[in-house]
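Let me begin by presenting the structure, written as structure tokens, before commenting on it.
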Number of protein chains: 2
Amino acid sequence: MDEMMLQKCIDAGLRMTSQREAIAQALDQSYDHPDAELLYERTNKIDSTISLATIYRTLGVFERAGLVQKVDVGDGKSHYETARDQHEHLVDTENGQIHEFKSEELTALLSQIADKMGFELTSHKLEVYGKKHGDVSCRCIQIKVY
Amino acid sequence: MDEMMLQKCIDAGLRMTSQREAIAQALDQSYDHPDAELLYERTNKIDSTISLATIYRTLGVFERAGLVQKVDVGDGKSHYETARDQHEHLVDTENGQIHEFKSEELTALLSQIADKMGFELTSHKLEVYGKKHGDVSCRCIQIKVY
DNA sequence: GTAGATGCAAATCTTTTGCTCGCCC
DNA sequence: GGGCGAGCAAAAGATTTGCATCTAC
């Protein structure tokens with residue numbers, strides 16, 4: 001459960017250096033959506049010789065290889081998460097916390113709309129913003145909260 | 001059809017300077033999603049004494065007043081559009097063109113999901129990416145293409 | 001051995017800000 | 001008149017890049 005990224009990198013045919021391994025490991029241990037700076041700090045706890053430039057360059061490589069994805073949280077920085085199955089982000093406008101959810105209905109709808117517009121859907125980015133109900137009556141459909 | 005922004009600014013109680021009027025006019029004439037730099041160029045054709053700093057500051061003011069909205073096109077810059085009724089963006093991955101569409105079903109779905117997660121939906125950002133079908137059989141449901 | 005990766009520092013790019021002066025209400 | 005807006009230039013913050021060096025394959 002901890003070597004996922006490393007294995008994916010190898011499978012993707014990437015040249016693995018000690019730095020990339022450290023970054024991969026830091027990503028494996030990141031269950032949130034760190035930006036480059038935060039990932040830099042986490043990676044440095046594993047291998048303190050890594051530079052921020054390498055973090056950026058490696059994230060670019062990983063992204064192009066489809067191993068990580070950018071998430072736009074709306075704070076001006078690029079955040080990253082390891083590529084997993086399709087899911088969406090709901091941002092709590094009061095504290096910036098990100099809640100994840102999945103909705104097949106949503107993806108189906110998007111693909112249907114794109115289709116009607118003459119396009120083949122390749123991907124989408126969605127961030128939903130909301131604030132907690134006063135009455136937290138009902139909870140969760142298929143959510144992971146990190 | 002050309003004084004819309006100006007009127008909205010006045011209605012919003014904003015102090016109108018010649019610069020703000022020029023920016024408002026440039027926005028009225030922008031049927032796409034310009035970034036600050038592009039809007040700066042357009043505004044300068046109307047009044048060449050405007051600085052880029054004023055563009056940024058004014059866009060901030062307009063945004064806070066709900067008159068314009070940021071659009072994240074994924075190129076690292078902030079793009080803007082005049083606030084209109086809710087609509088979504090489909091980005092043609094092959095040429096970067098933005099197609100707009102509306103879907104009540106979508107907004108209803110999102111609000112329903114947020115609700116089930118214990119949140120009150122305040123807003124959302126969505127960009128759909130796709131490429132044109134080989135066969136452009138069907139077209140448009142409720143789309144405006146600028 | 002060699003193409004590709006890294007570190008460091010400088011460069012770039014977008015956006016923000018301090019300060020002084022000018023103009024709208 | 002007083003406060004808010006504008007211009008200019010410098011600052012700030014995120015990300016990229018040039019170059020010399022090192023390393024995985």
Side-chain angles (χ1 to χ4, degrees), chain A residues 5-27 33-65 67-80 96, chain B residues 5-27 33-44 46-65 67-80:
Chain A
M5 276 301 290
L6 176 56
Q7 190 55 53
K8 282 188 190 171
C9 289
I10 294 169
D11 292 348
L14 299 183
R15 179 187 288 206
M16 290 314 286
T17 63
S18 64
Q19 291 90 336
R20 288 188 176 179
E21 280 183 30
I23 295 171
Q25 193 181 328
L27 281 169
H33 306 76
D35 58 29
E37 185 73 35
L38 181 53
L39 191 61
Y40 172 57
E41 287 166 25
R42 289 181 186 169
T43 306
N44 260 287
K45 286 183 187 152
I46 301 170
D47 174 346
S48 60
T49 71
I50 293 173
S51 73
L52 186 54
T54 295
I55 300 287
Y56 276 107
R57 274 193 275 234
T58 302
L59 281 173
V61 171
F62 284 6
E63 192 187 9
R64 258 166 268 129
L67 307 181
V68 302
Q69 286 171 326
K70 270 189 192 163
V71 182
D72 176 34
V73 189
D75 68 348
K77 309 179 211 172
S78 293
H79 294 242
Y80 294 85
Chain B
M5 275 300 290
L6 177 54
Q7 191 55 52
K8 283 189 191 170
C9 290
I10 294 169
D11 293 348
L14 299 183
R15 177 188 289 204
M16 290 315 286
T17 63
S18 64
Q19 291 89 337
R20 288 187 176 181
E21 281 183 28
I23 294 171
Q25 194 181 326
L27 281 169
H33 306 76
D35 58 31
E37 184 74 35
L38 181 54
L39 191 62
Y40 172 59
E41 287 167 24
R42 289 182 185 167
T43 307
N44 260 287
I46 301 169
D47 176 343
S48 59
T49 72
I50 294 174
S51 71
L52 186 54
T54 295
I55 300 286
Y56 276 107
R57 274 194 273 236
T58 303
L59 281 174
V61 171
F62 284 7
E63 192 187 9
R64 257 166 268 130
L67 306 180
V68 302
Q69 285 169 327
K70 271 190 192 166
V71 183
D72 174 35
V73 189
D75 68 349
K77 309 179 212 173
S78 294
H79 293 243
Y80 294 85

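Letters A, B, ... are given to chains in the order of the sequence lines, protein chains preceding strands, and every chain is numbered from 1.
Between the CD1 atom of B/Ile23 and the P atom of D/dG5 there is a distance of 12 Å, rounded to whole Å. We find that NE2 of A/His79 is positioned 11 Å from C1' of D/dA14, with the value rounded to whole Å. In this structure, B/Lys77 atom NZ and D/dG13 atom P are separated by 22 Å, rounded to whole Å. Rounded to a whole Å, the CD1 atom of B/Ile50 is 15 Å from the C1' atom of C/dC23. The distance from atom CG of A/Leu52 to atom P of C/dA11 is 18 Å, rounded to the nearest whole Å. Note: CD (A/Glu37) to C1' (D/dG13) measures 10 Å, nearest angstrom. Distance, B/Glu21 CD to D/dG5 P: 14 Å, rounded to whole Å. Between the CD1 atom of A/Ile55 and the P atom of D/dT15 there is a distance of 12 Å, given to the nearest Å.
Proximity of A/Gln19 to the phosphate of D/dC22: no side-chain N or O atom is located under 4.0 Å from OP1 or OP2. Proximity of A/Tyr56 to the phosphate of D/dT16: no side-chain N or O atom is located under 4.0 Å from OP1 or OP2. Remark: B/Thr54 is in phosphate contact with D/dG7, judged by side-chain N or O atoms under 4.0 Å from OP1 or OP2.
Set against D/dA9, C/dT6, C/dG7, the side chain of A/Ser51 has C/dG7 as its closest nucleotide. Of the candidate nucleotides C/dT15, C/dA5, D/dT15, C/dA5 has the atom nearest to the side chain of A/Thr17. Here the nucleotide nearest the side chain of A/Ala36, chosen from D/dT15, D/dT17, D/dC25, is D/dT15. Comparing D/dA6, D/dT15, D/dC25 by their closest approach to the side chain of B/Arg20 singles out D/dA6. Residue A/Thr58 places its side chain closer to C/dT6 than to any other of C/dC8, C/dT6, C/dT15.
You'll find the side chain of A/Tyr40 stays beyond 4.5 Å of the side chain of A/Thr54, heavy atoms only. In this structure, the side chains of B/Gln19 and B/Thr58 stay at 4.5 Å or more apart for every pair of heavy atoms.
Residue-level contact check: B/Ser78 touches the backbone only, with heavy atoms under 4.0 Å from sugar-phosphate atoms and none from bases.
Each of B/Thr49 and B/Arg15 has a nearest nucleotide on DNA chain D; the 5'-most of these lies closest to B/Arg15.
In summary, of the residues considered (B/Leu39, B/Ile46, B/Thr17), a side-chain contact (heavy atoms from CB on, under 4.5 Å) with B/Ile23 occurs for B/Leu39 alone.
Interface remark: the A/Arg57 side chain does form a donor-acceptor pair with the C/dG7 base, using a distance-only criterion of under 3.5 Å.
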Is there a side-chain contact (heavy atoms from CB on, under 4.5 Å) between A/Val68 and A/Met5 once you walk through the steps?
-> CA-CA 9 Å; A/Val68 302; A/Met5 276 301 290; 4.1 Å; yes
Notebook entry, point to check: Could you walk me through whether A/Leu14 and A/Ile10 pass the side-chain contact (heavy atoms from CB on, under 4.5 Å) check?
Noted result: CA-CA 6 Å; A/Leu14 299 183; A/Ile10 294 169; over 6 Å; no
